[in-house]
*Asks:* 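The structure that follows is given in the form of structure tokens.
Note that the numbering runs from 1 along the sequence shown for the chain.
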Amino acid sequence: MNAQTQIYSLIKSDDFKKALEKINGNYSNLKQENLIRNAVLELYNEECSASNIKAFAEHPRLEKNDEKEKINCRVDLSIVNKQHLDKPYKIEFKYHFTKHRNNFLNYSESIKNEFIIRQSNMFILIVQTVNTDEKNEYDDFWGIDTKLTKYQSKTDDWQENLMNCYNEITNVVENSCELFEPIKIEIQKPYQTQYHFYILSQKQNK
């Protein structure tokens, strides 16, 4: 099983859903990008504990050439094969609510930056939707003032906008990448919320 299939299967697993329940139960007032990234890393390493393959966060360091200066940055998560240390499988993550950039109307440049310009092997976009009434009631009960629901759109056009952006990108790079069937994971506590995973991957040999 190659890396892209392993990651996709992991995100669809019951163990990962349990990890999301734990994350949202403990960190409901925060953006959860790094927490979800870490859950993917931990579950992946558990599955591969007896092999020569291991996942690392914030590795490797890349040099990003900007017009004005050279910027050092790190890959969000990489899968390293002991036999090919110079060729890590590089994964970038982003996490947003549905109101991001006018309901993802102009998100193509972000996909291009994270996937093409950074030469990633995989880009995982996480979009969280919540039951607004339940979320606000929960936050009010605990005195939470971050009010993350203000970042949630009142319409559903974000999904069509986002797919249009992905289609635009895949048309540019033609047959070198694929967008997996989006994964939706719904949890009920501490309020109803859904996590939508959009996984864009460079094609690998079977």
Side-chain angles (χ1 to χ4, degrees), residues 2-12 16 20 31-41 44 55-68 70-79 87-130 148 151-153 155-185 193-204:
N2 57 35
Q4 62 181 19
T5 305
Q6 286 177 310
I7 293 295
Y8 188 76
S9 297
L10 184 156
I11 291 175
K12 291 183 69 175
F16 187 70
L20 289 180
K31 291 193 68 176
Q32 300 168 4
E33 179 177 323
N34 287 344
L35 294 161
I36 295 173
R37 186 272 315 271
N38 292 348
V40 172
L41 180 151
Y44 186 90
F56 293 88
E58 306 296 330
H59 170 80
R61 183 187 296 274
L62 301 177
E63 287 190 350
K64 181 180 178 182
N65 291 315
D66 186 84
E67 293 181 357
K68 297 181 180 179
K70 186 178 289 186
I71 303 172
N72 287 325
C73 57
R74 295 180 183 272
V75 176
D76 287 336
L77 184 149
S78 66
I79 298 171
K87 296 180 179 179
Y89 187 87
K90 298 174 292 184
I91 305 174
E92 294 295 335
F93 286 76
K94 283 295 178 185
Y95 166 100
H96 298 295
F97 289 97
T98 55
K99 201 174 182 180
H100 183 72
R101 288 197 180 181
N102 194 20
N103 296 5
F104 293 101
L105 185 61
N106 301 304
Y107 198 67
S108 298
E109 283 302 311
S110 294
I111 300 173
K112 179 181 177 182
N113 181 65
E114 298 296 329
F115 186 66
I116 298 176
I117 294 178
R118 292 177 67 108
Q119 298 182 326
S120 304
N121 298 101
M122 178 178 281
F123 170 51
I124 300 177
L125 171 66
I126 307 150
V127 182
Q128 185 178 5
T129 60
V130 300
L148 293 176
Y151 301 114
Q152 179 161 297
S153 173
T155 63
D156 290 330
D157 61 341
W158 66 272
Q159 297 181 73
E160 181 179 356
N161 292 340
L162 192 53
M163 290 306 299
N164 288 338
C165 291
Y166 274 109
N167 288 334
E168 180 181 334
I169 294 297
T170 54
N171 287 337
V172 169
V173 295
E174 294 183 341
N175 296 320
S176 65
C177 71
E178 60 182 319
L179 178 66
F180 282 79
E181 182 71 25
I183 299 170
K184 181 174 69 175
I185 302 174
T193 185
Q194 294 177 336
Y195 294 89
H196 305 258
F197 291 83
Y198 292 82
I199 302 174
L200 183 65
S201 174
Q202 296 285 353
K203 287 187 176 179
Q204 289 185 298

*Asks:* Apply side chain to side chain contact (heavy atoms under 4.5 Å, CB included) to Thr129 and list each qualifying residue two or more places apart in sequence or on a separate chain.
*Replies:*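 Side chain to side chain contact (heavy atoms under 4.5 Å, CB included) list for Thr129, sorted by chain: Thr98, Gln152, Trp158, Gln194, His196.
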*Asks:* Go through the structure and list residues passing ring pair (Phe, Tyr, Trp, His ring centres under 6.0 Å) with Phe97, not counting sequence neighbours.
*Replies:*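 So Phe97 forms a ring pair (Phe, Tyr, Trp, His ring centres under 6.0 Å) with Tyr95.
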*Asks:* Give the minimum heavy-atom separation between Phe16 and Val40, together with the two atoms involved.
*Replies:*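 Closest heavy-atom pair between Phe16 and Val40: CE1-CG2, 3.6 Å.
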*Asks:* Between Asn121 and Gln202 (side chain of the first, backbone of the second, donor and acceptor by atom type, cut-off under 3.5 Å), is there such a pair?
*Replies:*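 A pair under 3.5 Å: no.
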*Asks:* Hydrogens and angles aside, do Asn103 and Asp157 bring a side-chain donor and acceptor to less than 3.5 Å of each other?
*Replies:*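 Yes, Asp157 and Asn103 have a side-chain donor paired with an acceptor closer than 3.5 Å.
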*Asks:* Does a side-chain heavy-atom distance below 4.5 Å link Tyr89 with Ser201?
*Replies:*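 In contact.
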*Asks:* In the structure I gave you, are the side-chain heavy atoms of Ile7 and Ile124 within less than 4.5 Å of one another anywhere?
*Replies:*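 Yes, their side chains come closer than 4.5 Å.
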*Asks:* So do Lys203 and Gln4 actually touch side chain to side chain, heavy atoms under 4.5 Å?
*Replies:*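 They are not in contact (no side-chain heavy atoms under 4.5 Å apart), so the answer is no.
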*Asks:* Of all heavy-atom pairs between Phe93 and Glu33, which one has the smallest distance, and what is that distance?
*Replies:*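 Of all heavy-atom pairs spanning Phe93 and Glu33, the closest is O-OE2, 3.0 Å.
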*Asks:* Is any side-chain heavy atom of Pro88 closer than 4.5 Å to one of Val75?
*Replies:*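 Counting from C-beta outward, Val75 and Pro88 never come under 4.5 Å.
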*Asks:* Report, as yes or no, whether the 6.0 Å neighbourhood of atom OH on Tyr151 holds more than 12 heavy atoms from other residues, nucleotides or ligands.
*Replies:*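 For Tyr151, atom OH is not crowded (no more than 12 foreign heavy atoms under 6.0 Å).
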*Asks:* Taking only Lys NZ, Arg NE, NH1 and NH2, and the carboxylate oxygens of Asp or Glu, determine whether Arg74 and Glu92 approach each other closer than 4.0 Å.
*Replies:*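 No, Arg74 and Glu92 are not salt-bridged.
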*Asks:* Quick check: does any side chain N or O of Arg37 sit under 3.5 Å from a backbone N or O of Asp76, one acting as donor and the other as acceptor?
*Replies:*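 Yes.
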*Asks:* Who pairs with Ile183 by side chain to side chain contact (heavy atoms under 4.5 Å, CB included), at least two apart in sequence or on another chain?
*Replies:*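 Scan of Ile183 (side chain to side chain contact (heavy atoms under 4.5 Å, CB included), adjacent residues dropped) gives Tyr8, Ile11, Lys12, Ile185, Phe197, Ile199.
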*Asks:* Considering residues at least two apart in sequence or located in another chain, which fulfil the side chain to side chain contact (heavy atoms under 4.5 Å, CB included) criterion with His96?
*Replies:*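 Partners of His96 under the side chain to side chain contact (heavy atoms under 4.5 Å, CB included) test: Lys31, Lys94, His100, Phe104, Tyr107, Leu125.
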*Asks:* Any heavy-atom pair between the side chains of Lys184 and Tyr195 that's under 4.5 Å?
*Replies:*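 No. Closest side-chain heavy atoms not under 4.5 Å.
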*Asks:* Examine distances only and state if a side-chain atom of Asn2 and a backbone atom of Thr5 form a donor-acceptor pair shorter than 3.5 Å.
*Replies:*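 Indeed, once roles are kept as given, a pair shorter than 3.5 Å links the two residues.
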*Asks:* Whether the side chain of Thr170 engages the backbone of Asn167 through a donor-acceptor N/O pair (distance < 3.5 Å, no angle test) should be reported.
*Replies:*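 Pair found, side chain donor or acceptor close to backbone of Asn167.
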*Asks:* Suppose we screen for side chain to side chain contact (heavy atoms under 4.5 Å, CB included). Which residues come up paired with Leu35, at least two apart in sequence or across chains?
*Replies:*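 Once residues adjacent in sequence are excluded, the partners of Leu35 under the side chain to side chain contact (heavy atoms under 4.5 Å, CB included) criterion are Ile23, Tyr27, Gln32.
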*Asks:* For Glu109, check salt bridge (charged side-chain N to carboxylate O under 4.0 Å, His left out) against everything at least two apart and list the hits.
*Replies:*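 Not a single residue meets the salt bridge (charged side-chain N to carboxylate O under 4.0 Å, His left out) criterion with Glu109.
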*Asks:* With a 4.5 Å limit on heavy-atom distance, are the side chains of Phe123 and Tyr166 in contact?
*Replies:*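 The answer is yes; the side chains approach within 4.5 Å.
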*Asks:* At their closest point, which heavy atom of Leu41 faces which heavy atom of Ala57, and how far apart are they?
*Replies:*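 What the structure gives for the nearest pair is CD1-N, 3.3 Å.
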*Asks:* Please confirm whether the backbone N or O of Leu77 pairs with a side-chain atom of Lys90, one donor and one acceptor, at under 3.5 Å?
*Replies:*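 Here the side-chain-to-backbone pair does not exist.
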